Number of protein chains: 2
Amino acid sequence: MTTSRRQATQDTVQDTPNYGPVIRQRRKALGMTLDDVAKATDLTIGFLSQVERGISAPSLSSFMRIAGALQTSLEELLKVPEPYMEYVPKDSRQTYVLGKSKRLYEKLGPGFPGALTYPCIIHRPPGHVSEHMQHEGEVFCYLLSGSLEYHLGNKVFIMTPGDSIHHDTSKPHFSKVLGDEESVELWVSSTPIKTPG
Amino acid sequence: MTTSRRQATQDTVQDTPNYGPVIRQRRKALGMTLDDVAKATDLTIGFLSQVERGISAPSLSSFMRIAGALQTSLEELLKVPEPYMEYVPKDSRQTYVLGKSKRLYEKLGPGFPGALTYPCIIHRPPGHVSEHMQHEGEVFCYLLSGSLEYHLGNKVFIMTPGDSIHHDTSKPHFSKVLGDEESVELWVSSTPIKTPG
DNA sequence: AAAAAATTTTAGTATTGATAAACTCAACCG
DNA sequence: CGGTTGAGTTTATCAATACTAAAATTTTTT
């Protein structure tokens, strides 16, 4: 054909997200060197440097390993950066109702591009028992109101307003809302809390 | 190294989503042939056949062109299929509050994997004016209650309960909630309605 | 200023992403 | 029944590249 596919690809390079800088930003935000990522992905620092500078394109499987090493997802690296506001007036929060239990989730971040933590407020009804969790990362929770029975590994804490907890999420954990009122919990997590589609 | 990166890749093949069958299913659901997709993506039918059968791996840019041809996204093709229920009891719906206007969105689908349409019910407060939209696809809306002023291109319709509208979404459209009560609208769209992450 | 760390750059190549075309199979039609 | 057509599979091939190893350069640290 008169127009090579190579040229066709070049013509559509505009459509390829500029993931190089996004990868570099995330890597630096995590305090990692090219060598750190190279070891985690079984790729070389030279190649990763080229990927970050847009000189070379990784295969899909390499891209996924890079995303894994950076504790993020393909989707996060490829998507158009979402709008952010550092300052969130309390009456302008994005809110969601989650699940059959009608938990209310108030999103407070991201406050800037490349943020590594996800702040939110969660309202849970009396008696609600959260999912048992265990995954890589860390979390901080401050109880604004209500009462919680927080299970962390084989420890149990009764939390009242003003109490907080900060832990490694690789330890199994869950909590139950005590008493007759809903709990209001301020969370800052290293992984986004899953909100349905 | 004694373990080739190819083997390393093979070792992690379990981690690579099984997108081949997902691509084929979506292509067939859209009534497209390999030739149709080949023409849309500037790839060959032999290659696409191999991709769908997991024999060959497309580059990231080719993958994105395939996703485009299939009117879907990388994320949709790569993600673990979401749980689905054909039958949705009215008190078991997933709900979300959207935006500052506090629209309520009740998810009714997908009813099966590979579905091409997205059913939902949307509740909107009095006076709410929707975003002006214009994109590829089609939509059907049935007004359950309330009243709407629906703008489609340069046509305006006053919708009352029981009325419906079904149109090509490439025409510019938006609507406003009339009267003092909220509207309750049943929608079936060819594209997912955006819900904040 | 020197050393160390981090990154960039270069040369190289085994592998592959993708093609062209032959082949196979099922469905359809005269 | 044989020929044609549509759809998909398979094979041989190769230009391009995904990625490496190592040298060179830059930046940071001491």
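Here the structure is a predicted model, which is why all the values come from computation and not from measurement. The chains referred to below are lettered A, B, ... by the order of the sequence lines, with proteins before strands, and numbering in each begins at 1.
Judged purely by atom type and a 3.5 angstrom limit, Arg24(B) has no side-chain atom pairing as donor or acceptor with the backbone of Glu52(B).
Other residues sharing a hydrophobic cluster with Ile158(A) under the 4.5 Å side-chain heavy-atom criterion for ILVMFWY residues are Leu178(A).
Taking Thr41(A) as the reference, Val37(A), Leu43(A), Leu48(A), Arg65(A), Ile66(A), Ala69(A) meet the side chain to side chain contact (heavy atoms under 4.5 Å, CB included) condition, with sequence neighbours excluded. Taking Ser49(A) as the reference, Arg53(A) meet the side-chain hydrogen bond (donor to acceptor under 3.5 Å, both in side chains) condition, with sequence neighbours excluded. With sequence neighbours excluded, no residue forms a side-chain hydrogen bond (donor to acceptor under 3.5 Å, both in side chains) with Tyr142(B).
Regarding Leu60(B), its CG atom lies at a distance of 11 Å from the P atom of dC19(D), rounded to whole Å. To the nearest angstrom, C1' of dA7(D) lies 11 Å from CG of Asp36(B). If you measure from atom CZ of Arg65(A) to atom C1' of dC19(D), you get 10 Å, rounded to the nearest angstrom.
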Table of protein N/O atoms under 3.5 Å from nucleotides 5-9 of chain C N/O atoms:
{"residue": "dT7(C)", "atom": "OP1", "partner": "Arg27(A)", "partner atom": "NH1", "Å": "3.0"}
{"residue": "dT7(C)", "atom": "OP1", "partner": "Arg27(A)", "partner atom": "NH2", "Å": "3.4"}
{"residue": "dT7(C)", "atom": "OP2", "partner": "Leu34(A)", "partner atom": "N", "Å": "2.8"}
{"residue": "dT8(C)", "atom": "OP1", "partner": "Arg24(A)", "partner atom": "NH1", "Å": "2.9"}
{"residue": "dT8(C)", "atom": "OP1", "partner": "Arg24(A)", "partner atom": "NH2", "Å": "3.4"}
{"residue": "dT8(C)", "atom": "OP2", "partner": "Arg24(A)", "partner atom": "NH2", "Å": "2.7"}
{"residue": "dT8(C)", "atom": "OP2", "partner": "Ser49(A)", "partner atom": "OG", "Å": "2.4"}
{"residue": "dT9(C)", "atom": "OP2", "partner": "Arg53(A)", "partner atom": "NH1", "Å": "2.6"}

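Under the salt bridge (Lys or Arg N to Asp or Glu O under 4.0 Å) criterion, the residue pairs touching residues 174-188 of chain B are Arg124(B)-Glu185(B), with sequence neighbours excluded.
Note on Ser59(A): a side-chain N or O is less than 4.0 Å away from OP1 or OP2 of dC19(D).
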